[in-house]
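Every chain is numbered from 1, with letters handed out A, B, ... down the list of sequences.
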Amino acid sequence: MSDLPPEVEKLIDQVQYEEAGEFPVERGYIYTSCSSVENGNPLFWDDAVARAVTDGPIAPPTMISVWFRPHQWSPGRTEPGVPLKSHFDLKEIFELPEAVMTDNTIVFHEPVRPGDRLRTRQILRSVSQPKTTKLGTGRFWVIDVEYLNQHDELVGVESYTGFGYRRGEA
Amino acid sequence: MTATTTKVTLADVHVGDTLPELAYRVTATTIVLGALAARDWRPMHHDYDFAVNRNGTKDIFMNTPNQAAWFERFLTDWSGPTGRLGRMKFRMKGSVFPGDTMVLAGTVEQVDTDETGCGWATVLVRLTVDGELMTDCTARIALPTTDDDNPWTRRGDQWRPVATLGS
C-alpha cells in the first residue's frame, strides 16, 4: 500500500506545468554547448553540411532541455527561475532539502532547429518508498518532460529520476 | 575540435565492435562551462561551498545535460554527421569532478534494421574515472544502411526511436 500523501498521489500521471520556452532556439547556445564538449560535428558548424544532411541547421539533440530552462532572473520575477518545477515541488512536500539526478532517458523525435519555439509539459510518473543511500535518506521520483515544437510535433521526451534527500548525521 | 567527416554505415558495424576511446581531463572550467551551456544555474555545478557543504559531495560536479552532450559527441565522433540519435538512457552512479580524467569507451551491443528499413546500432558507453564506472549509457543510434541512405530524412512513422531497446 502506498505511503504517499494524497497531494502527491493525485499528481501521478497528471500533466503539469505546460509552458513555453522563454526564447526561441538560437545558434549562440548551440555553439556554446558544442564548445563545452568539443563537439566538432560539422552539422553544427558548417551550413553546407547541415543543408545536405539535415535540410538546414539543427541543434544537437541532447540540448533538448536547454530550451525549457528559465532565466535565472527576468523582469517581474521575484524568485530565481527553476526548471523541472515538479522536482522542486516534491522536495518541498517531502521536506527534503537536497536532491540529485540519478538517471536520464531521452527519446529524440523531430529535430530541433534554430527559430523553433518549444513547449513542454511535466508528468510525475512515480515516487519511491523512503530509501537510504550514501548521500542520505529520501525518495526517488521519476518525472517525464515532453517537448513539442510550434507545429505541435513531438521533438522529444525526457525522463528524469531524481533523488531528494536529507543528509545523514556525520 | 574533432573532425567528424566520417560516415559509418550499418554494414561497417558489428556486435562487439569498440568505438575509439575518448579521454578528457576535466577542470572546473569544464564543469562550469558545461552547466552554463545547458542553462543549468544550480549552484552545485559552480559553487564549491554549496556542493561540499549542502550536497555533501567533494567538489562541484558535472551536470546531467552536459553528460548527455559528452555522450552525443562521443557517439557522433564515431558515426559521423549522418548518425542520428534515437534514444539515450544513462545512469549516474558517481560524479565527475574537477581534476578527474574521464574516459568514455563504447561497445556495439546490437545491430538491427527495423520494420521501416531504418538501420540501428545499440551502443553501451561507459564513462569511467580511474577505472571506476561513473555513468553507463545505452544509446540507440540510426546509421545509413547504404551510401545514399540518410536517417535524418525520416519523419513521422518512418522514425521509430524507441523500438527494440529495453527500458
Side-chain angles (χ1 to χ4, degrees), chain A residues 29 31-46 49-50 52-55 58 60-72 80-83 97-111 134-136 153 156-161 165 167-168 170, chain B residues 1-5 22 24 29-30 32-42 44 54-57 61 63-74 76-77 79-93 95 135 137-138 140 150 152-153 155-156 159 161-162 165 167:
Chain A
Y29 264 109
Y31 293 133
T32 304
S33 176
C34 289
S35 175
S36 76
V37 296
E38 301 181 15
N39 183 351
N41 189 334
L43 281 183
F44 314 121
W45 298 93
D46 185 332
V49 174
V53 177
T54 51
D55 196 26
I58 63 168
T62 55
M63 284 188 74
I64 193 163
S65 70
V66 171
W67 314 116
F68 98 112
R69 293 176 184 272
H71 302 311
Q72 172 82 352
V82 292
E98 318 304 338
V100 292
M101 293 297 173
T102 62
D103 295 55
N104 187 216
T105 302
I106 321 173
V107 179
F108 306 100
H109 291 272
E110 287 297 313
K134 63 184 179 185
L135 288 174
E153 296 167 323
V157 180
E158 259 195 305
S159 182
Y160 286 97
T161 300
Y165 63 96
R167 293 178 67 186
Chain B
M1 193 167 95
T2 53
T4 48
T5 53
L22 170 67
Y24 192 86
T29 303
T30 313
V32 174
L33 173 60
L36 298 189
R39 293 176 56 77
D40 185 344
W41 327 124
R42 295 290 296 154
M44 61 282 267
R54 286 286 305 275
N55 275 101
T57 54
F61 55 93
N63 74 335
T64 304
N66 193 231
Q67 287 209 26
W70 277 105
F71 288 127
E72 176 178 352
R73 176 252 163 118
F74 175 73
T76 56
D77 274 3
S79 71
T82 48
R84 180 180 177 184
L85 278 172
R87 186 176 192 252
M88 177 185 285
K89 177 182 177 67
F90 58 95
R91 169 162 292 181
M92 294 167 283
K93 302 170 189 295
S95 298
T135 305
C137 168
T138 302
R140 191 167 186 250
N150 177 5
W152 288 102
T153 62
R155 301 197 62 186
W159 176 245
V162 294
L165 184 63
S167 60

Examine whether an atom of Ala50(A) lies under 4.5 Å from a heavy atom of chain B, and if so say whether it belongs to the side chain, the backbone or both; otherwise answer neither. neither
What part of Phe74(B) gets closer than 4.5 Å to chain A, counting heavy atoms only: side chain, backbone, both or neither? neither
Distance from Asp55(A) atom CG to Thr153(B) atom OG1, nearest 0.5 Å? 10.0 Å
Could you tell me the separation between the CG atom of Asn41(A) and the OG1 atom of Thr76(B), rounded to the nearest 0.5 Å? 4.5 Å
Heavy-atom contact with chain B under 4.5 Å, split by part of Val157(A): neither
Passes side chain to side chain contact (heavy atoms under 4.5 Å, CB included), Arg39(B) versus His71(A)? Steps please. CA-CA 8 Å; Arg39(B) 293 176 56 77; His71(A) 302 311; 3.0 Å; yes
Listed partners of Arg54(B) passing salt bridge (charged side-chain N to carboxylate O under 4.0 Å, His left out), at least two apart: Glu98(A)
Using non-hydrogen atoms only, which part of Ile58(A) is less than 4.5 Å away from chain B: side chain, backbone, both, or neither? side chain
So which part of Trp159(B) gets closer than 4.5 Å to some heavy atom of chain A, the side chain, the backbone, both or neither? side chain
Please round to the nearest 0.5 Å and tell me the distance separating atom CZ of Arg155(B) and atom NE2 of His109(A). 13.0 Å
Using non-hydrogen atoms and a 4.5 Å limit, figure out which bit of Tyr31(A) sits close to chain B: side chain, backbone, both or neither. neither
Please name all residues satisfying side chain to side chain contact (heavy atoms under 4.5 Å, CB included) with Thr135(B), sequence neighbours left out, ordered by chain then number. Gln67(B), Phe71(B), Phe90(B), Met92(B), Leu127(B)
Go through Ser159(A), Pro80(A), Pro60(A), Ser35(A) and name the one with the most non-hydrogen pairs under 4.5 angstrom from chain B. Pro60(A)
Largest heavy-atom contact set with chain B, pairs under 4.5 Å, which of Val53(A), Val49(A), Asp46(A), Thr32(A): Val53(A)
Could you grab the distance from atom OG1 of Thr105(A) to atom NZ of Lys89(B), nearest 0.5 Å is fine? 3.5 Å
Please look at Asn66(B) and chain A and tell me whether the side chain, the backbone, both or neither of the residue comes under 4.5 angstrom of a heavy atom of that chain. both
With rounding to the nearest 0.5 Å, note down the distance linking CG in Leu43(A) to CH2 in Trp152(B). 6.5 Å
Identify which part of Pro83(A) has an atom lying under 4.5 Å from any heavy atom of chain B, answering side chain, backbone, both or neither. neither
Per-residue contact mode, Glu158(A) against chain B (heavy atom under 4.5 angstrom): neither
In Å and rounded to the nearest 0.5 Å, what is the OG1 to CG distance from Thr54(A) to Asn150(B)? 8.0 Å
In terms of heavy-atom proximity below 4.5 Å to chain A, should Asn55(B) be classed as side chain, backbone, both, or neither? both
Considering only heavy atoms, which portion of Ile106(A) lies under 4.5 Å from any heavy atom of chain B: side chain, backbone, both, or neither? both
